[in-house]
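Hydrogens, waters and symmetry mates are skipped; everything else that's a heavy atom, side chains included, is used. Quick note on labels: first sequence line is chain A, next is B, and so on, each numbered from 1.
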Protein chains: 2
Amino acid sequence: MPVAPPPPKSLPLTALRAFEAAARLGGFTAAAAELGVTPGAVTAHVKALEEGLGAALFERQSKGVRLTALGAAAAGGFTEAFDALARAEAVLRARAAPQVVHVATLPAIAQLWLSPRLPALRAAAPEISVSITALEAPPNLKRAPYDLSLFPAATGGRLVAVDAVFPVCAPALADRLRRPEDLAAVPCLSDAAWAGDWDLWLAAAGVAVRPRGPVFSLYALAVEEAVNGAGVLMGHAALVADHLARGRLIAPFPQRVALPQGLRLWSARPMPRGSAVARVVEELSRGAP
Amino acid sequence: MPVAPPPPKSLPLTALRAFEAAARLGGFTAAAAELGVTPGAVTAHVKALEEGLGAALFERQSKGVRLTALGAAAAGGFTEAFDALARAEAVLRARAAPQVVHVATLPAIAQLWLSPRLPALRAAAPEISVSITALEAPPNLKRAPYDLSLFPAATGGRLVAVDAVFPVCAPALADRLRRPEDLAAVPCLSDAAWAGDWDLWLAAAGVAVRPRGPVFSLYALAVEEAVNGAGVLMGHAALVADHLARGRLIAPFPQRVALPQGLRLWSARPMPRGSAVARVVEELSRGAP
DNA sequence: AAATTAGGGTCAGGAAAACTAAGCCATGCC
DNA sequence: GGCATGGCTTAGTTTTCCTGACCCTAATTT
C-alpha cells in the first residue's frame with residue numbers, strides 16, 4: 001500500500017487510438033495503414049500503453065498479434081468511444097461547412113468517371129463544393145472524414161454504374177485486330193491493380209493467346225496510352241465510356257464480360273433531405289441502372 | 001466545385017479535447033486547469049481547430065469566451081465521446097491492475113486523515129495497493145484517472161467524517177490562554193486556503209480580537225508548527241484528532257463551530273461488490289457518523 | 001481618473017512526442 | 001531453399017505541444 005510515486009496521468013489519446021485500430025483490425029500493419037503511419041509507430045504506441053498499464057494488451061506471435069484477455073475486454077469500449085468521437089467530428093464539419101462534400105474514390109474513378117460528371121453537378125448545384133480524394137482502398141467511413149465513398153464492389157451502398165470489361169484501342173490500331181487471336185501481335189496494356197482483367201476476358205472469349213505489354217500503376221495513364229495508340233487496353237465500361245463516345249477509343253471485338261462488381265456509392269451517415277450530400281448523391285445517381 | 005487541394009485530415013485529438021473542455025467549462029482558463037496546461041495552450045488548440053474548420057467555435061469577448069451556434073451544436077457530442085473514452089480507459093485500468101486503488105484528495109487530508117488510516121487498511125487488505133494523489137481541487141471524476149475522491153463538501157458522495165473548527169495549540173502554550181481574548185497575545189497560525197476559519201470561530205465565540213500570525217500554504221505544515229509551539233491554529237476536528245488524542249495538541253477553549261461541510265468520499269464509477277475500491281471505501285467509512 | 005483584476009491573445013524557444021527508414025528476426029508457404 | 005508476411009529495434013528527424021513572458025481589453029475598485 002505504498003503511496004505510488006507517479007501521479008496518475010491519462011493515457012495518451014494517440015496511443016489509445018492506435019490500440020483500438022490494432023484491436024479492431026487484428027494487426028499492427030493494418031492499423032498503421034488505417035491511421036496513415038508506419039507499423040513501427042503502432043508498435044511503439046501499443047508498447048507505451050502496455051508499459052503504462054503494466055500489462056500486455058497483445059500476445060506477440062510469430063505471424064501477427066492476438067489480443068490478450070485484457071485487450072479483448074477493453075477494445076470494444078474504445079471502438080465505441082472513437083466511433084462517437086468521429087461522429088461528433090463529422091457533425092462539426094458538416095455544420096461548419098454545410099456546402100462542402102468530401103468524396104473518396106479510386107484514382108481511376110476520380111479521373112475517368114467522376115471528373116467528367118462534375119460540370120453537370122456544378123451546373124445543377126453551383127453552391128456545392130465537391131472535394132475529391134483519391135485513395136487506393138475504400139476508407140473506413142465510420143472514421144475517415146469523408147461524406148461519400150465511391151468504389152467498385154459487388155454489394156452494398158448504392159449502385160451508380162455497372163461495369164464490364166472488353167478490349168479497347170485507338171481507331172488506328174483496330175485495323176490490325178480482326179479476331180481475338182490477333183491480340184498476340186500487338187502490345188496489350190494492363191493495370192497492375194487489375195491484372196486479372198485480361199485473363200477474365202480471354203477466358204470468356206475462349207482465346208488462348210497470352211497478351212504481352214507494358215503494365216501501368218495508374219489505370220488512367222494506361223487509358224491515355226491506349227488513346228495514343230500504344231496498344232490494346234482491357235477497358236472498363238464505366239471508365240472508358242467517355243472515350244468510346246467521342247471515338248477516341250473503339251472496341252474491336254464484340255465480346256463483353258460483365259463484372260459482378262459495379263461502381264457503388266456509400267454515404268458515411270444518413271443524409272438529411274436536401275443536404276448537399278444528398279444532392280450530390282442524387283446527381284451522381286443520374287443515369288444509374 | 002474545385003477539387004480541394006488539402007487531403008482531408010482528421011482533426012487533432014488533443015485540440016478536440018481542449019475544445020470540449022473549454023465548451024463544457026465555459027472558458028479557456030478553466031479548461032487549461034482541468035487539462036493541466038497553460039491557458040495559452042488551450043488558446044492555440046482552439047485556434048488550430050477553428051482554422052482547420054474555417055469557422056469560429058467561440059466568440060471572443062473582453063471577459064471570457066462564449067460558444068458560437070456552431071460550437072454549441074458540436075460540444076455535446078464531444079463531451080459524450082470523451083466521456084465514453086474515459087470510461088473505456090477506466091475499464092482498462094481496472095482490469096489491468098484490479099488491486100490498485102487511486103485516491104485523489106487535498107494535501108492536508110492526505111497527510112492528516114488518510115495517512116493515519118493506511119496501516120489499518122493495509123492490515124485489513126494487504127493485497128490492495130492504494131495510490132494517493134494530492135490535488136488542490138476535486139478532480140472531474142468522469143475524466144481524471146482516479147477511483148476515489150475525498151474532499152470537504154456539504155453534500156454528495158458518502159460522508160466519512162464530520163468537521164468542526166476550534167483553536168488548538170501545544171500544551172505548553174495553553175497555559176497562557178484562559179479566555180478567547182487572550183488570543184490577541186499569541187501568534188495565530190492560519191492556512192491560506194482556509195483563511196475564513198478564524199473569522200468563523202471568532203464570530204461564533206463572540207470574540208472581537210483580530211488574531212495575527214504567520215500564514216501557511218500547507219495546512220499540515222501549520223499543524224506541525226502548532227505542535228512545535230509556534231502558535232495557536234484553527235484546528236479542523238477531522239484533521240487534528242490524532243494529535244489531540246496523543247496529547248500533542250490540546251483545545252484551550254470549549255467552543256466548537258460545526259462546519260456544514262464534512263469529509264466526503266466519491267466513487268468515480270459503480271463499485272462491483274468485493275472489488276478493491278469497495279473494500280477501501282468500506283475501510284475508510286469505518287467510524288463514520 | 002488611476003489601479004487592479006480577470007480572461008484572452010501572441011510569440012519565441014525548447015522539450016517531448018511521433019514518425020520514418022532501414023535493418024533484423026521468426027515463421028510459414030511455395 | 002527462397003520468399004513473403006508481420007512484427008521489433010534503433011537512430012535520427014520532424015512535428016507537436018507547451019511554457020513563460022508579454023500585451024490587450026473591459027469591468028471593477030480605489
Side-chain angles (χ1 to χ4, degrees), chain A residues 6-53 56-68 71 75 82 89 136-137 192-193 195, chain B residues 6-53 55-68 71 75 82 89 136-137 192 195:
Chain A
K9 287 266 297 177
S10 250
L11 300 167
L13 295 178
T14 52
L16 292 175
R17 181 168 52 177
F19 161 66
E20 188 276 335
R24 175 164 41 83
L25 301 172
F28 291 5
T29 306
E34 174 170 308
L35 298 173
V37 299
T38 56
V42 176
T43 302
H45 274 149
V46 172
K47 199 174 147 193
L49 226 44
E50 292 178 322
E51 221 146 88
L53 290 168
L57 294 166
F58 290 94
E59 286 170 21
R60 271 67 170 180
Q61 296 171 326
S62 60
K63 234 177 146 68
V65 293
R66 240 192 32 215
L67 283 168
T68 60
F82 280 110
E89 185 182 329
E136 296 303 326
Chain B
K9 286 267 296 177
S10 250
L11 300 168
L13 294 178
T14 51
L16 291 175
R17 181 168 52 178
F19 161 65
E20 189 276 335
R24 174 163 42 82
L25 301 172
F28 291 4
T29 305
E34 174 170 308
L35 298 173
V37 299
T38 55
V42 176
T43 301
H45 273 148
V46 172
K47 196 175 149 191
L49 225 45
E50 292 179 322
E51 221 146 88
L53 289 168
L57 293 166
F58 290 94
E59 285 170 24
R60 271 68 170 182
Q61 296 171 328
S62 62
K63 234 177 147 70
V65 292
R66 242 195 29 217
L67 283 168
T68 59
F82 280 109
E89 186 181 329
E136 295 304 327

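We find that CZ of A/F58 is positioned 15 Å from C1' of D/dC8, with the value rounded to whole Å. Between the NZ atom of A/K63 and the P atom of D/dC3 there is a distance of 15 Å, rounded to whole Å. Between B/Q61 atom CD and C/dG9 atom P there is a gap of 11 Å when expressed in whole angstrom units. Rounded to an integer number of Å, the gap from CG of A/L67 to P of D/dG6 is 16 Å. The CD atom of B/E34 sits 18 Å away from the C1' atom of D/dC18 (whole-angstrom rounding). Across the protein-nucleic acid pair, B/L25 atom CG and C/dG8 atom P stand 11 Å apart, rounded to whole Å. To the nearest angstrom, C1' of C/dT10 lies 14 Å from CZ of B/F28. Straight-line distance from the CG atom of B/L13 to the P atom of C/dA17: 16 Å, rounded to whole Å.
Distances shown here put a side-chain N or O of B/T43 below 4.0 Å from the OP1 or OP2 atom of C/dG9. For D/dC8, one of the phosphate oxygens OP1 or OP2 lies less than 4.0 angstrom from a side-chain nitrogen or oxygen of A/R60. Using a 4.0 Å cut-off, no side-chain N or O of B/T38 falls inside it from OP1 or OP2 of D/dC18. OP1 or OP2 of D/dC18 sits under 4.0 Å from a side-chain N or O of B/H45. Residue A/K47 places at least one side-chain N or O under 4.0 Å from the OP1 or OP2 atom of D/dT9.
Listed for the B/E59 side chain is no donor-acceptor partner under 3.5 Å among the backbone atoms of B/R66. The backbone N or O of A/L11 lies less than 3.5 Å from a partner atom in the side chain of B/E89, making a donor-acceptor pair.
Of the candidates C/dG28, C/dG7, D/dG6, D/dG6 carries the atom nearest the A/T29 side chain, counting heavy atoms from C-beta on.
Taking CG of B/L67 as the reference point, atom CZ of B/F19 lies at 6.0 Å (rounded to 0.5 Å). Between the CD atom of A/E34 and the CD atom of A/E20 there is a distance of 7.0 Å, given to the nearest 0.5 Å.
Each of A/A15 and A/S62 lies near DNA chain C, and the nucleotide nearest A/A15 is the one positioned closer to the 5' end.
Residue A/G26 is out of contact with every strand shown, counting any heavy-atom pair closer than 4.0 Å. Across all strands, B/V65 comes closer than 4.0 Å only to sugar-phosphate atoms, never to a base (heavy-atom distances).
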Between A/L49 and A/F58, is a side chain to side chain contact (heavy atoms under 4.5 Å, CB included) present by the stated rule, with each step listed? CA-CA 11 Å; A/L49 226 44; A/F58 290 94; over 6 Å; no
